Amino acid sequence: MMHFVPLFLVCILSLPAFQATELTKCKVSHAIKDIDGYQGISLLEWACVLFHTSGYDTQAVVNDNGSTEYGLFQISDRFWCKSSEFPESENICGISCDKLLDDELDDDIACAKKILAIKGIDYWKAYKPMCSEKLEQWRCEKP
C-alpha cells in the first residue's frame, strides 16, 4: 500500500496541467497592437501596465475590496463585466467575466477601450507610479 501512494502522486504530477497563458512582453505587444495609440496610450505604456497588473497572465483573477478583477487587463466585475460573484454589476462591457480569462483578447481589448474612454488610463493603478516615464525597457526587441 505504501508503494501505491508515491506512484499515485507521480502519476498525478505528470498529468498535463491546465495552466494560464503567461505571455511575454513581445507576445503581449503583438496581441494588443490594435489598442496602440487609443486615447493616446502607447504599446510601451500598455506593456508596462499589463506586466504590473496581471503579470501578462490571461487567466489572472484577483479579489480587490469586494470585487474581482479578471484577465490580462484585470477588468473588474463591479462595473465592467458580469460574474456570479457580483451579480449586481453594471456590466458596461456587456460580457461575462469568464470570457476575459481565455486567450482570445479581442473582447478584452474592446472592454479596455471602453474603460479608457470612460475612466482613462488611471483606471489601471500601476500606470502613474510605474508606467508614465522611462518606458524603453518595455520595447519588444525581437531578434
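Side chains included, hydrogens not; waters and symmetry mates left out as well; all remaining heavy atoms used. None of these values were measured; they are calculated from a predicted model.
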Minimum side-chain heavy-atom gap [X]-[Y] below 4.5 Å:
| X | Y | value |
| --- | --- | --- |
| I109 | W46 | no |
| T58 | L101 | no |
| V62 | Q74 | yes |
| L116 | I41 | yes |
| L135 | E45 | yes |
| W138 | S29 | no |
| W124 | I115 | yes |
| S42 | D36 | yes |

Nearest 0.5 Å, what's the [atom1]-[atom2] distance between [X] and [Y]?
| X | Y | atom1 | atom2 | result |
| --- | --- | --- | --- | --- |
| K82 | C93 | NZ | SG | 13.5 Å |
| N63 | E69 | CG | CD | 9.0 Å |
| C140 | K33 | SG | NZ | 12.0 Å |
| Q59 | D103 | CD | CG | 6.5 Å |

**Item:** Pairs where residues 113-133 contributes a residue and the test salt bridge (Lys or Arg N to Asp or Glu O under 4.0 Å) is met, not counting sequence neighbours
**Value:**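 Listed once each, the pairs are D122-K128.
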**Request:** Check the angle between the aromatic planes of Y123 and W80 and answer parallel, tilted or perpendicular using the 30° and 60° thresholds.
**Result:** perpendicular
**Message:** Working note: E104 + D106, criterion side chain to side chain contact (heavy atoms under 4.5 Å, CB included); need CA distance, chi angles, decisive distance, verdict.
**Reply:** CA-CA 6 Å; E104 171 53 51; D106 289 343; 2.9 Å; yes
**Request:** Report the residues that fulfil side-chain hydrogen bond (donor to acceptor under 3.5 Å, both in side chains) with E90, sequence neighbours left out, ordered by chain and then residue number.
**Result:**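 Testing E90 for side-chain hydrogen bond (donor to acceptor under 3.5 Å, both in side chains), a comparison that skips the adjacent residues, returns none.
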**Prompt:** Between the side chain of S54 and the main-chain N/O of L72, is any donor-acceptor distance below 3.5 Å?
**Reply:**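 Judged by distance alone, yes, a pair lies under 3.5 Å.
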**Prompt:** Does D108 reach the main-chain N or O of A112 with its side chain, forming a donor-acceptor pair under 3.5 Å?
**Reply:** no
**Message:** For the CZ atom on F51, are there more than 12 heavy atoms of other groups (residues, nucleotides or ligands in this structure) within a distance under 6.0 Å?
**Reply:** no
**Prompt:** Where is the tightest heavy-atom contact between D102 and K99, given as atom of each residue plus distance?
**Reply:**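 Smallest interatomic distance, heavy atoms only, reads OD1-O, 3.0 Å.
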**Asked** Does the SG-to-SG distance between C81 and C111 fall under 2.5 Å?
**Response**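 With an SG-SG separation of 2.5 Å or more, C81 and C111 do not form a disulfide.
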**Message:** I'd like to know if the side chain of D77 pairs up with that of S89 as donor and acceptor (distance under 3.5 Å, no hydrogens or angles considered).
**Reply:** no
State plainly whether one hydrophobic cluster holds both [X] and [Y], where clusters connect Ile, Leu, Val, Met, Phe, Trp and Tyr through side-chain heavy atoms under 4.5 angstrom apart.
| X | Y | answer |
| --- | --- | --- |
| V49 | M130 | no |
| I75 | I118 | yes |
| Y38 | L105 | yes |

**Item:** Chi angles and distances behind the side chain to side chain contact (heavy atoms under 4.5 Å, CB included) call for L50, I32
**Value:** CA-CA 11 Å; L50 297 179; I32 66 167; 3.8 Å; yes
**Listed partners of S132 passing side-chain contact (heavy atoms from CB on, under 4.5 Å), at least two apart** = Y127
**Prompt:** Yes or no on side chain to side chain contact (heavy atoms under 4.5 Å, CB included) for L44 and E136, after CA distance, side-chain angles and deciding distance?
**Reply:** CA-CA 7 Å; L44 296 180; E136 283 305 308; 4.0 Å; yes
